[in-house]
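Below: one structure, written as structure tokens.
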Amino acid sequence: MEVKVLHQVMEWNEDVSKDVKKTLDGYGIRMINIMGSPGAGKTSLITSLIDKLDGKFRIGVIEGDIAGQVDADRIASLNIPTVQLNTDGACHIEAMSIQKILPMLPLNDLDLIFVENIGNLVCPAEFQIGESMRITILSIPEGDDKVEKYPLMFTDTNCLVLNKYDMLPYFDFDEQRVRDHYETVNPSGPLFPVSSRTGEGIEQLAAYITEQTGK
């Protein structure tokens, strides 16, 4: 019974995701789903990308959290249209939540929406939200075994950002292990070593986003 209910929920979410994508396509908007663990650097990466892409894209942000709006306030301080999406305990964002919150953004004035998903390496990978692109973040302090432990998150993504790359000398982190396993589960997905603190790799990632979104 539980399996049947879960299957129905997934199908329903997929239908709503398609509706969201159709709505965004009508406005000429591309939405990017940013996924990763708590503390992986999702908000910092978004702010760094805004710095590189603002002017080329009209950008909005949907900031997902279980509770609170600290990160949304941080993004809004950059004069970027931002809405807070609190899941009240849910470990992922669903397409219905995006559908309900989209009217709170000035859609006529946007080209690109970043969605910061809930910090989790399991549930967000299973739920499409109407995005055109997915970016998964793995930070150096998290360890080099995550691709093996959570393969779906790294399989169903357009690219992998190896974040906080400037911290590599300070951790026992086998970068080649990550690269090898990522290539196995996602042979066509590029990997970007990035540091939001130093700016390393941000230019290359921004160029990739621009290319992938057809801008």
Side-chain angles (χ1 to χ4, degrees), residues 6-7 10-11 13-14 17-18 20-21 24-25 30-42 44-46 48-49 52-53 57 64 91-93 95 112-169 171-196 198-215:
L6 178 60
H7 183 67
M10 298 297 289
E11 286 186 341
N13 184 82
E14 184 176 346
S17 175
K18 290 177 181 177
V20 171
K21 181 69 164 54
L24 291 173
D25 286 347
R30 298 293 176 262
M31 186 164 69
I32 301 179
N33 187 359
I34 308 289
M35 303 179 293
S37 298
K42 296 185 293 297
S44 295
L45 182 69
I46 291 172
S48 296
L49 288 171
K52 292 294 182 184
L53 296 171
F57 295 94
C91 60
H92 61 275
I93 293 174
L112 186 67
I113 297 175
F114 287 111
V115 178
E116 180 174 340
N117 216 312
I118 306 302
N120 191 322
L121 286 177
V122 181
C123 302
E126 299 178 350
F127 286 83
Q128 298 284 335
I129 57 172
E131 67 269 55
S132 301
M133 181 178 179
R134 286 182 158 197
I135 296 176
T136 297
I137 304 176
L138 171 64
S139 67
I140 297 298
E142 291 177 69
D144 54 28
D145 59 352
K146 298 301 179 288
V147 181
E148 297 159 75
K149 289 183 175 181
Y150 307 98
L152 181 60
M153 175 61 74
F154 299 93
T155 301
D156 193 9
T157 188
N158 293 88
C159 68
L160 171 60
V161 170
L162 197 55
N163 202 24
K164 304 185 182 180
Y165 198 68
D166 55 303
M167 302 183 73
L168 187 61
F171 286 84
D172 183 16
F173 186 96
D174 187 343
E175 180 179 349
Q176 193 59 51
R177 178 184 184 184
V178 171
R179 289 181 176 273
D180 288 345
H181 283 281
Y182 180 57
E183 184 176 352
T184 298
V185 300
N186 195 343
S188 63
L191 184 151
F192 296 93
V194 165
S195 169
S196 299
T198 67
E200 178 182 1
I202 297 294
E203 191 76 47
Q204 291 82 355
L205 179 59
Y208 174 74
I209 289 171
T210 301
E211 176 189 344
Q212 293 298 305
T213 54
K215 192 70 172 176

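Fair warning: this is a prediction, and the values are worked out from it, not measured in the lab.
Counting only heavy atoms from C-beta outward, the side chains of Ile32 and Gln212 never approach each other to under 4.5 Å. A 4.5 Å side-chain heavy-atom check between Asp25 and Arg30 finds at least one atom pair inside the cut-off. Side-chain atoms of Ile135 and Phe192, non-hydrogen and from C-beta on, never get closer than 4.5 Å to each other. Using a 4.5 Å heavy-atom threshold, the side chains of Met31 and Val20 count as touching. Contact of the Met167 side chain with the Phe173 side chain is not registered, since no non-hydrogen atoms from C-beta on lie closer than 4.5 Å.
Remark: the backbone N or O of Ser44 is paired with a side-chain donor or acceptor of Ser48 at under 3.5 angstrom. At least one donor-acceptor pair under 3.5 Å links the side chain of Tyr182 to the backbone N or O of Leu160. Side chain of Lys42 to backbone of Val115: no donor-acceptor contact under 3.5 angstrom is found. In this structure, the side chain of Asn186 does not engage the main chain of Cys159 through any donor-acceptor pair within 3.5 Å.
Applying the ring-ring contact (aromatic ring centres under 6.0 Å, His included) criterion to His92, with sequence neighbours excluded, gives Phe127. Every salt bridge (Lys or Arg N to Asp or Glu O under 4.0 Å) that Lys52 has, sequence neighbours left out, goes to Glu203. Shown here are the salt bridge (Lys or Arg N to Asp or Glu O under 4.0 Å) partners of Arg134, two or more places apart in sequence or in another chain: Glu131, Asp156. Ile118 pairs by the side chain to side chain contact (heavy atoms under 4.5 Å, CB included) definition with Ile66, Thr87, Ile93, not counting sequence neighbours. With sequence neighbours excluded, the residues satisfying salt bridge (Lys or Arg N to Asp or Glu O under 4.0 Å) with Arg179 are Glu175. Applying the salt bridge (Lys or Arg N to Asp or Glu O under 4.0 Å) criterion to Asp174, with sequence neighbours excluded, gives no partner residue.
Across all non-hydrogen atoms, the minimal contact from Lys21 to Gly130 is CD-O, 3.4 Å. Of all heavy-atom pairs between Ala40 and Ser139, the closest is O-CB, 3.6 Å.
Taken from CG in Leu49 to CD1 in Ile202, the straight-line distance is 5.5 Å, to the nearest 0.5 Å. Interatomic distance, OG1 of Thr213 versus CG of Leu53, reported as 8.0 Å (0.5 Å rounding). Separation of atoms CD (Glu142) and CG (Leu121) is listed at 6.0 Å; rounding is to 0.5 Å. Separating the CG atom in Asn163 from the CD1 atom in Ile137 is a distance of 5.5 Å, to the nearest 0.5 Å. Once rounded to the nearest 0.5 Å, the distance linking OG1 of Thr210 with CG of Leu205 reads 9.5 Å. Atoms CD1 and OG, on Ile140 and Ser195 in that order, are 10.0 Å from each other to the nearest 0.5 Å.
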Quick one: do Tyr165 and Val194 satisfy side-chain contact (heavy atoms from CB on, under 4.5 Å)? Show the steps, please. CA-CA 6 Å; Tyr165 198 68; Val194 165; 5.8 Å; no
Assess whether side-chain contact (heavy atoms from CB on, under 4.5 Å) is satisfied between Met153 and Met35, documenting all intermediate values. CA-CA 8 Å; Met153 175 61 74; Met35 303 179 293; 3.7 Å; yes
Mind running side-chain contact (heavy atoms from CB on, under 4.5 Å) on Ile129 and Asn13 for me, showing each step along the way? CA-CA 8 Å; Ile129 57 172; Asn13 184 82; 5.6 Å; no
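At a cut-off of 3.5 Å, with distance as the only test, a side-chain donor of Thr136 or Thr157 sits close to an acceptor on the other residue.
Arg177 has a carboxylate O that lies under 4.0 Å from a charged side-chain N of Glu148, or vice versa, which qualifies the two as a salt bridge.
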